[in-house]
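Everything below concerns the one structure shown next.
Counting from 1, the numbers follow the sequence of the chain as shown. Counting starts at 1 for both ligands and their atoms, following the listed order. Basis for what follows: all heavy atoms, side chains included, without hydrogens, waters or symmetry-related copies.
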Amino acid sequence: MRLEFVENGPIRLEGGRFRVRVGEREEVLEKPRLSLCRCGASANKPFCDGTHKRIGFQAPGGVLEVEGD
Ligand code: FES
């Protein structure tokens, strides 16, 4: 698994099929990539809705790779 920390933005996961469980909500999403909020301001958590731009969120970019997955 590889996570990309977008500079001043969300965490992106490359994938295809994601099973998401949040509270009572569970869904399967088939997308080439998923963006997760890390600014804390999204109205659609855990997903990024672009609010990070409006609030001026700042954080460095980077990558996290999980080995042996
Ligand atoms: S990172 Fe995009 S809304 Fe939080």
- Task: Assess whether side-chain contact (heavy atoms from CB on, under 4.5 Å) is satisfied between Phe18 and Val28, documenting all intermediate values.
- Result: CA-CA 6 Å; Phe18 302 92; Val28 174; over 6 Å; no
- Apply side-chain contact (heavy atoms from CB on, under 4.5 Å) to Asn8 and His52, showing your working. CA-CA 7 Å; Asn8 305 329; His52 61 271; 5.7 Å; no
- Task: Find all atoms of ligand 1 within a distance of less than 4.0 Å from any non-hydrogen atom belonging to Ser42, and give their numbers and elements.
- Result: 3 (S)
- Task: Please find out if atom 2 (Fe) of ligand 1 and some N, O or S atom of Cys48 are separated by less than 2.8 Å.
- Result: yes
- Query: With a cut-off of 4.0 Å, which atoms of ligand 1 are near a heavy atom of Asp49?
  - Reply: 3 (S)
- For atom 4 (Fe) of ligand 1, angle spanned by Cys37 SG and Cys39 SG (nearest 10°) is 100°
- Work out which heavy atom in Ala41 is nearest to a heavy atom in Ile55; give both atom names and the distance. CB-CD1, 3.6 Å
- Task: Would you indicate which of Lys45, His52, Arg38 comes nearest to atom 3 (S) of ligand 1 when only heavy atoms are counted?
- Result: His52
- Approximate separation, where rounding is to 0.5 Å, of Glu14 CD and Met1 CE: 12.0 Å
- Message: Return the NZ to CZ distance between Lys45 and Arg38, rounded to the nearest 0.5 Å.
- Response: 15.5 Å
